[in-house]
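Let me begin by presenting the structure, written as structure tokens, before commenting on it.
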Amino acid sequence: MNILQIKSGKVEIRKDTGTLIRTIGAGDAVAASFNTDQSLVLITTVKGKVEIRKENGTLIRTIGNGDATSAKWHGDDITISTTKGKTEIRKESGTLKRTI
């Protein structure tokens, strides 16, 4: 099982022993999380965007409307906390399912 660590805005994927596997992202990350099988990484940026990246760092898509404070995987869905105090539940495709 791998772990994620943020250093200087870059997301580092590390083995559980601490060995660096790779660094991904554009250097503006504030939060990151793996999906269940660790094939995808969810990155929240300082600009409030949420990026979905493959484990190798390839950008799949950017979701949200730029007001995210954090994002986490919730099964196959993504929960995004916004600056307005709301929580958005989105599909992996970025489609909004509901706002709480």
Side-chain angles (χ1 to χ4, degrees):
M1 179 173 264
N2 296 328
I3 58 172
L4 295 172
Q5 183 177 20
I6 299 174
K7 281 192 178 176
S8 301
K10 297 229 180 206
V11 178
E12 295 180 346
I13 300 175
R14 295 183 173 268
K15 293 182 180 179
D16 56 2
T17 60
T19 306
L20 179 65
I21 298 171
R22 87 177 30 86
T23 303
I24 62 173
D28 59 353
V30 293
S33 69
F34 273 123
N35 66 343
T36 308
D37 64 2
Q38 293 194 339
S39 61
L40 298 174
V41 179
L42 195 63
I43 300 174
T44 308
T45 68
V46 294
K47 294 179 182 178
K49 295 286 185 182
V50 177
E51 298 175 350
I52 300 175
R53 291 185 177 264
K54 290 183 181 178
E55 179 184 14
N56 65 9
T58 305
L59 179 65
I60 296 174
R61 71 180 48 86
T62 302
I63 60 174
N65 50 12
D67 64 349
T69 58
S70 69
K72 295 181 181 178
W73 290 99
H74 189 266
D76 291 333
D77 294 331
I78 299 165
T79 58
I80 301 173
S81 299
T82 67
T83 56
K84 298 173 185 162
K86 303 274 185 182
T87 299
E88 297 176 353
I89 299 175
R90 293 182 176 265
K91 293 181 182 179
E92 186 180 313
S93 65
T95 306
L96 181 66
K97 288 177 83 172
R98 72 180 71 80
T99 302
I100 302 171

Check: E55 and Q38 side chains under 4.5 Å, non-hydrogen atoms: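 The answer is no; the side chains never approach within 4.5 Å.
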
Min side-chain heavy-atom separation I21-T19 under 4.5 Å |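 Side chain of I21 against side chain of T19, heavy atoms only: no contact under 4.5 Å found.
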
To check you understand the geometry: which heavy-atom pair defines the closest contact between [X] and [Y], and what is its length?
X   : Y   : answer
A68 : I80 : CB-CG2, 3.5 Å
E12 : T23 : CG-OG1, 3.9 Å
A71 : I78 : CB-CG2, 4.4 Å
I6  : A32 : CD1-N, 3.9 Å
R90 : I63 : CD-CD1, 4.3 Å
K7  : R14 : NZ-NH2, 3.9 Å

Give a yes or no on whether W73 and V41 share a hydrophobic cluster (residues Ile, Leu, Val, Met, Phe, Trp, Tyr; joining criterion: side-chain heavy atoms under 4.5 Å apart).
->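 Different hydrophobic clusters.
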
If I take atom [atom1] from residue [X] and atom [atom2] from residue [Y], how far apart are they, to the nearest 0.5 angstrom?
X   : Y    : atom1 : atom2 : value
E88 : I100 : CD    : CD1   : 10.5 Å
D16 : M1   : CG    : CE    : 9.0 Å
I52 : T58  : CD1   : OG1   : 13.5 Å

Between D77 and I89 (side chain of the first, backbone of the second, donor and acceptor by atom type, cut-off under 3.5 Å), is there such a pair?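 Side chain of D77 to backbone of I89, a donor-acceptor pair under 3.5 Å: no, none is there.
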
Any sub-3.5 Å donor-acceptor pair from T69's side-chain atoms to S81's backbone N or O?
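The answer is yes, because a donor-acceptor pair under 3.5 Å joins these two groups.
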
Determine whether V11 and R53 satisfy the following criterion, side chain to side chain contact (heavy atoms under 4.5 Å, CB included), listing intermediate values before the conclusion. CA-CA 11 Å; V11 178; R53 291 185 177 264; over 6 Å; no

(message) Quick one, N35 with L42, criterion side chain to side chain contact (heavy atoms under 4.5 Å, CB included). Give me CA distance, side-chain angles, the key distance, then yes/no.
(response) CA-CA 8 Å; N35 66 343; L42 195 63; over 6 Å; no

Verdict with supporting geometry, F34 and L40, side chain to side chain contact (heavy atoms under 4.5 Å, CB included): CA-CA 6 Å; F34 273 123; L40 298 174; over 6 Å; no

Look at atom CG of D76 and say whether more than 12 heavy atoms of other residues, nucleotides or ligands are closer to it than 6.0 Å.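 Not buried by this count: 12 neighbours or fewer within 6.0 Å.
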
**Asked** Checking side chain to side chain contact (heavy atoms under 4.5 Å, CB included) for the pair T45/V30: CA distance, chi angles, key distance, verdict?
**Response** CA-CA 6 Å; T45 68; V30 293; over 6 Å; no

